[in-house]
Enquirer: 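My questions will all concern the structure given below.
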Protein chains: 2
Amino acid sequence: MPDDRLYQLHAGICQTLANPKRLEIIDHLRGGELGVTQLAEAMNIGQANLSQHLALMREKGIVLARREGVNVFYRLSNPKIIQACDLMRQVLLEHLEKGAELAGSYRK
Amino acid sequence: MPDDRLYQLHAGICQTLANPKRLEIIDHLRGGELGVTQLAEAMNIGQANLSQHLALMREKGIVLARREGVNVFYRLSNPKIIQACDLMRQVLLEHLEKGAELAGSYRK
DNA sequence: TAATAATATTAGAATATCCTTATATAATTA
DNA sequence: TAATTATATAAGGATATTCTAATATTATTA
């Protein structure tokens with residue numbers, strides 16, 4: 001596989017995490033699987049929109065779905081996703097602590 | 001800080017990683033700081049475009065810049081960025097190994 | 001089989017991202 | 001100060017994402 005293609009796929013994974021609602025979905029799924037209805041109730045989000053986010057996350061391999069009768073339950077596909085999210089959140093928080101007001105300028 | 005705002009900022013960090021060129025920049029900076037010219041040469045990318053990517057990464061606290069005379073050297077701001085990238089790459093690779101051709105469908 | 005509940009998909013407008021070209025700024029040297 | 005080199009910023013078209021509203025599908029039960 002050419003490097004270019006790998007970077008593209010890798011960017012695709014990151015892109016999938018690059019949305020506040022999808023990050024919230026991930027947080028809700030930390031404790032184990034949840035049904036779509038439960039998620040929708042927990043999340044203040046429209047049904048169609050939630051379904052779209054979940055479809056995207058399924059395609060990128062972030063979540064797995066399991067149908068049980070009329071309900072569909074989603075879970076995280078890999079615990080490393082939580083680790084990666086936590087690390088990025090730490091990067092964010094450390095950046096905020098260091099004084100984000102300086103961000104974008106050269107630090108003297 | 002409200003949760004919403006945190007998710008938004010977190011998504012901003014992910015968004016910054018959600019681009020093949022920026023991931024390549026991160027890879028090039030793994031070994032330590034590099035000048036813009038060196039980066040541009042290593043990367044098959046236009047000068048203006050590289051500068052824009054670096055500006056974005058600076059704003060989000062991913063990289064830090066240091067000017068030395070007429071040159072500007074960039075480095076990663078936090079080793080956790082590398083860890084997070086590596087984890088996401090692992091998630092990607094494991095997903096590919098498991099047969100991405102099934103992706104998007106319910107696994108039976 | 002018809003009705004219902006749960007979930008998924010489609011269409012399309014609003015917004016954001018990306019790259020290229022042109023221009024601006026900053027530091028150095030003649 | 002003028003010219004040069006390195007880097008940054010701005011403008012704008014092409015493309016991608018996001019959300020809402022409407023419709024389709026899937027499974028269950030009457």
Side-chain angles (χ1 to χ4, degrees), chain A residues 4 7-25 28-29 33-60 62-75 103-108, chain B residues 4 7-25 28-29 33-60 62-75 103-108:
Chain A
D4 268 14
Y7 281 124
Q8 218 173 297
L9 290 169
H10 187 168
I13 297 286
C14 296
Q15 177 64 41
T16 307
L17 305 184
N19 178 282
K21 300 250 172 84
R22 291 196 290 269
L23 290 173
E24 197 180 344
I25 291 173
H28 282 294
L29 296 182
E33 69 175 16
L34 282 181
V36 175
T37 303
Q38 293 169 277
L39 261 178
E41 280 167 5
M43 275 187 64
N44 187 244
I45 187 179
Q47 181 271 322
N49 193 212
L50 175 56
S51 209
Q52 287 164 339
H53 284 303
L54 290 170
L56 208 78
M57 295 170 84
R58 245 191 292 132
E59 280 163 21
K60 292 294 170 45
I62 302 294
V63 298
L64 296 174
R66 171 179 75 82
R67 185 180 269 277
E68 187 176 315
V70 85
N71 301 293
V72 177
F73 293 87
Y74 281 87
R75 65 188 183 283
S105 62
Y106 301 107
R107 287 157 202 268
K108 300 297 160 55
Chain B
D4 267 15
Y7 282 125
Q8 218 172 296
L9 290 169
H10 188 168
I13 297 285
C14 296
Q15 177 65 42
T16 306
L17 305 184
N19 177 283
K21 302 247 172 86
R22 291 195 289 269
L23 290 173
E24 197 181 342
I25 291 173
H28 282 294
L29 295 182
E33 71 176 13
L34 281 181
V36 176
T37 304
Q38 293 169 277
L39 261 178
E41 279 168 5
M43 275 188 64
N44 188 243
I45 188 179
Q47 181 271 321
N49 193 212
L50 175 57
S51 209
Q52 285 165 340
H53 283 302
L54 289 169
L56 207 80
M57 295 169 83
R58 245 191 293 133
E59 280 164 20
K60 292 295 170 44
I62 303 294
V63 297
L64 296 174
R66 170 178 76 83
R67 185 181 270 276
E68 187 176 314
V70 86
N71 301 293
V72 177
F73 293 88
Y74 281 89
R75 65 188 184 281
S105 62
Y106 302 108
R107 287 157 202 267
K108 298 299 159 54

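Only heavy atoms go into these numbers, but all of them, side chains included; no hydrogens, no water, no symmetry mates. Throughout, protein chains are lettered first and strands after them, A, B, ... in sequence-line order, and every chain is numbered starting at 1.
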Enquirer: Counting only N and O atoms by type, is there a donor-acceptor contact under 3.5 Å from the side chain of B:R22 to the main-chain atoms of A:A11?
Expert: no
Enquirer: Assess whether side-chain contact (heavy atoms from CB on, under 4.5 Å) is satisfied between A:L54 and A:L39, documenting all intermediate values.
Expert: CA-CA 10 Å; A:L54 290 170; A:L39 261 178; 4.2 Å; yes
Enquirer: Given C:dA6, is OP1 or OP2 found less than 4.0 Å from the side-chain N or O atoms of A:Y74?
Expert: no
Enquirer: Round to the nearest Å and state the distance from B:L23 atom CG to C:dT17 atom P.
Expert: 16 Å
Enquirer: Report the distance from atom CG of B:D4 to atom NZ of A:K21, rounding to the nearest 0.5 Å.
Expert: 8.5 Å
Enquirer: Check the distance between C:dA16's C1' and B:E59's CD and give it to me in whole angstrom.
Expert: 14 Å
Enquirer: I would like to know whether B:H53 and B:N49 meet side-chain contact (heavy atoms from CB on, under 4.5 Å); could you show each step before the answer?
Expert: CA-CA 6 Å; B:H53 283 302; B:N49 193 212; 3.6 Å; yes
Enquirer: Between D:dT5 atom C1' and B:E68 atom CD, what is the distance in whole Å?
Expert: 16 Å
Enquirer: Tabulate atom names and distances for all N/O pairs under 3.5 angstrom spanning the protein and nucleotides 18-25 of chain C.
Expert:
residue	atom	partner	partner atom	Å
C:dC18	OP1	B:N19	ND2	3.1
C:dC18	OP1	B:R22	NH2	3.3
C:dC18	OP2	B:R22	NH1	3.3
C:dC19	OP1	B:K21	NZ	3.2
C:dC19	OP2	B:N49	OD1	3.3
C:dC19	OP2	B:N49	ND2	3.2
C:dC19	OP2	B:H53	NE2	2.8
C:dT20	O4	B:Q52	OE1	3.4
C:dT20	O4	B:Q52	NE2	3.0

Enquirer: Please give, in whole Å, the distance from C:dA6 P to A:L34 CG?
Expert: 16 Å
Enquirer: Figure out the CZ/C1' separation between A:R67 and C:dA5, and round it to whole Å.
Expert: 11 Å
Enquirer: What is the distance, to the nearest angstrom, from the CZ atom on B:R66 to the C1' atom on D:dA6?
Expert: 15 Å
Enquirer: Run through A:H28, A:R58, A:R66 and flag the one making a side chain to side chain donor-acceptor pair (under 3.5 Å) with A:Y74.
Expert: A:R58
Enquirer: Could you give the CE-to-P distance, from A:M43 to D:dT18, as a whole number of Å?
Expert: 13 Å
Enquirer: Take the protein atom CE of A:M57 and the nucleotide atom P of D:dT17, then report the distance between them rounded to whole Å.
Expert: 15 Å
Enquirer: To the nearest 0.5 Å, what is the distance between OG1 on B:T37 and CG on B:L50?
Expert: 9.0 Å
